[in-house]
Asks: 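Below is a structure I'd like to ask you about.
Residue numbering restarts at 1 for every chain, and letters A, B, ... go by the order of the sequence lines.
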Amino acid sequence: MPELPEVETTVRTFRPLVKGRRFVGFTSSWPRQVIPSAPKVDRAISGRKIVKLERRAKQIIFHLDDDSGLLIHLKMSGRLDWLASSGDRARHVRARFRLSGGDTLLFCDARKFGRIRHVADPQAALAHLGPEPLDPAFDSKILAEILHSRKRRIKPLLLDQTVIAGLGNIYSDESLHRANIHPLSLSNRLCWDEIKRLHRSIRQVLREGIKRCGTSFDWAYLGGRMQHYLRVYQRGGKACLACGRPIEVIRVGQRSTHFCPKCQKICK
DNA sequence: TGAATTGTTATCGT
DNA sequence: AACGATAACAATTC
């Protein structure tokens, strides 16, 4: 499930391949994923040059030369592929972007949760998202304001994209473990020291994830190595690498949540 | 077979 | 009224 590091890896991979090219044509075999509609997106992007490719939260943004943008959200199982490298072996192809120069960018998505969206103003379309955790402006003081202005359990709060953008289930659990904070702790009860630790661990774990090209643990995302460095995620019942106690798995806000009951103290 | 997965939306409770 | 928690949903894999 692509989170910030996986999407960042995707953007870094495809940036040199698409930059400066033009979209020539777009087709979809599952039009429900395309907003406003497949023919409208085709008309909107065809002939437009890609001036910049970037990531915001978990979304990929193709900035076009008329200031509009093509947004791709990979959601659970979405993936970009390059037709030239995968040939006819690419599985679950849902959309094709023909590019100038003759290459084709594929959008593959087994579960069809991903979304392809054309917007006139990408900035406005993404304005609801919270701050980027790796932005230099995101300091521990800002995190403290975010946490203290709400009274919510810290785990679901970290997953809320309007609060902080880019964390998913894996990197939330890893951040909390590295900061020694219990996932059920209330946001307004965290002390200054805990907030500083959380700020540090969020940025650390995301940077490490990017360095290792993301986390691969099933067919949905391949090529990453971060799965070998996770301390709690999908390690339920196994020994905590810090204290040896078994990692517990609980359900928080309909999400599986992994933590060490000894290392991660609760703040109610 | 059903659990797991993301983010949005609707709904219920405080 | 505003905020937070909760459930349903889209669709597929193992």
Asks: Going 5' to 3' along DNA chain B, between which two nucleotides do contacts with chain A fall, using a heavy-atom cut-off of 4.0 Å?
Replies: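 Nucleotide range in contact with chain A: B/dA4 to B/dT8.
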
Asks: Can you work out whether A/Phe113 or A/Ser149 has the more 5'-proximal nearest nucleotide on DNA chain C?
Replies: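 Mapping each residue to its closest nucleotide by heavy atoms, the 5'-most match is A/Ser149.
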
Asks: Is atom CG of A/Asp67 surrounded by more than 12 heavy atoms (other residues, nucleotides or ligands) closer than 6.0 Å?
Replies: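 No, not enclosed.
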
Asks: Tell me which of A/Leu129 and A/Arg111 sits closer to the 5' end of DNA chain B, going by the nucleotide each one is nearest to.
Replies: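 Comparing both residues, the 5'-ward one is A/Arg111.
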
Asks: Checking all strands, does A/Arg251 fall into the base, sugar-phosphate, or nothing category for heavy-atom contacts under 4.0 angstrom?
Replies: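 Counting heavy atoms under 4.0 Å across all strands, the contact made by A/Arg251 is with sugar-phosphate only.
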
Asks: Heavy atoms only, 4.0 Å cut-off, all strands: where does A/Ser77 land among base, sugar-phosphate and nothing?
Replies: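 No contact at all - A/Ser77 keeps every heavy atom at 4.0 Å or more from the nucleic acid.
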
Asks: What residues form a salt bridge (charged side-chain N to carboxylate O under 4.0 Å, His left out) with A/Arg96, not counting sequence neighbours?
Replies: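 By the salt bridge (charged side-chain N to carboxylate O under 4.0 Å, His left out) rule, A/Arg96 matches no residue at all.
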
Asks: Hey, where on DNA chain C does chain A first and last touch, going 5' to 3'? Cut-off is any atom under 4.0 Å from a heavy atom.
Replies: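 So the outermost contacting nucleotides come out as C/dG4 to C/dC14.
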
Asks: Tell me what A/Tyr233 touches on the nucleic acid: a base, only sugar-phosphate, or nothing, going by heavy atoms under 4.0 Å.
Replies: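 Sugar-phosphate, no base atom in range.
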
Asks: Partners of A/Arg197 by side chain to side chain contact (heavy atoms under 4.5 Å, CB included), sequence neighbours excluded?
Replies: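 A/Arg197: side chain to side chain contact (heavy atoms under 4.5 Å, CB included) contacts with A/Ala179, A/Asn180, A/Ile181, A/Asp193, A/Glu194.
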
Asks: Can you pull out every salt bridge (charged side-chain N to carboxylate O under 4.0 Å, His left out) where at least one residue sits in residues 178-187 of chain A? Sequence neighbours excluded, please.
Replies: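 Only A/Arg178-A/Glu208 qualify under salt bridge (charged side-chain N to carboxylate O under 4.0 Å, His left out).
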
Asks: Hey, can you pull the donor-acceptor pairs under 3.5 Å for the side chains in residues 126-136 of chain A, sequence neighbours left out?
Replies:
{"from": "A/His128", "atom 1": "ND1", "to": "A/Ala125", "atom 2": "O", "distance (Å)": "3.4"}
{"from": "A/Glu132", "atom 1": "OE1", "to": "A/Arg55", "atom 2": "NH1", "distance (Å)": "2.9"}
{"from": "A/Glu132", "atom 1": "OE1", "to": "A/Arg55", "atom 2": "NH2", "distance (Å)": "3.1"}
{"from": "A/Glu132", "atom 1": "OE2", "to": "A/Arg56", "atom 2": "NH1", "distance (Å)": "3.0"}
{"from": "A/Glu132", "atom 1": "OE2", "to": "A/Ala57", "atom 2": "N", "distance (Å)": "2.5"}
{"from": "A/Asp135", "atom 1": "OD1", "to": "A/Ala137", "atom 2": "N", "distance (Å)": "2.8"}

Asks: Just jot down the side-chain hydrogen bond (donor to acceptor under 3.5 Å, both in side chains) partners of A/Ser68, sequence neighbours excluded, or say none.
Replies: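 A/Asp66, A/His118.
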
Asks: Strictly below 4.0 Å, heavy-atom distances to any atom of DNA chain C: list the hits from residues 150-166 of chain A, or just say none.
Replies: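 Of all residues in residues 150-166 of chain A, the ones placing a heavy atom under 4.0 Å from DNA chain C are A/Arg150, A/Lys151, A/Arg152, A/Arg153.
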
Asks: Considering only heavy atoms from C-beta outward, does the side chain of A/Leu80 approach that of A/Thr13 to under 4.5 Å?
Replies: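 Counting from C-beta outward, A/Leu80 and A/Thr13 never come under 4.5 Å.
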
Asks: End-to-end bend of the helix from B/dG2-C/dC14 to B/dT14-C/dA2 (five-pair axes, 10° rounding)?
Replies: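 Answer for the end axes of this duplex: 50°.
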
Asks: Just by modelled atom types, is the A/Ala110 backbone N or O under 3.5 Å from a matching donor or acceptor in the A/Arg94 side chain?
Replies: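 Judged by distance alone, yes, a pair lies under 3.5 Å.
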
Asks: Do A/Ile170 and A/Met226 come within less than 4.5 Å of each other through their side chains, counting heavy atoms only?
Replies: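 The answer is no, as the side chains (C-beta and beyond) never meet within the 4.5 Å cut-off.
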
Asks: Taking atom NZ of A/Lys141 as the centre, does the number of heavy atoms from other residues, nucleotides or ligands within less than 6.0 Å exceed 12?
Replies: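 For A/Lys141, atom NZ is not crowded (no more than 12 foreign heavy atoms under 6.0 Å).
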
Asks: Applying side chain to side chain contact (heavy atoms under 4.5 Å, CB included), name anything that partners A/His63, two or more places apart in sequence or on another chain.
Replies: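 In terms of side chain to side chain contact (heavy atoms under 4.5 Å, CB included), with neighbours along the sequence ignored, A/His63 is linked to A/Val51, A/Lys52, A/Glu54, A/Ile61, A/Pro122.
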
Asks: Can you name the residues that form a ring-ring contact (aromatic ring centres under 6.0 Å, His included) with A/Phe62, not counting sequence neighbours?
Replies: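 A/Phe62: ring-ring contact (aromatic ring centres under 6.0 Å, His included) contacts with A/Phe23.
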
Asks: Write out all pairs satisfying ring-ring contact (aromatic ring centres under 6.0 Å, His included) with one or both partners inside residues 174-208 of chain A, taking only residues at least two apart or from two chains.
Replies: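 Qualifying pairs: A/Phe138-A/His199, A/His182-A/Phe259.
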
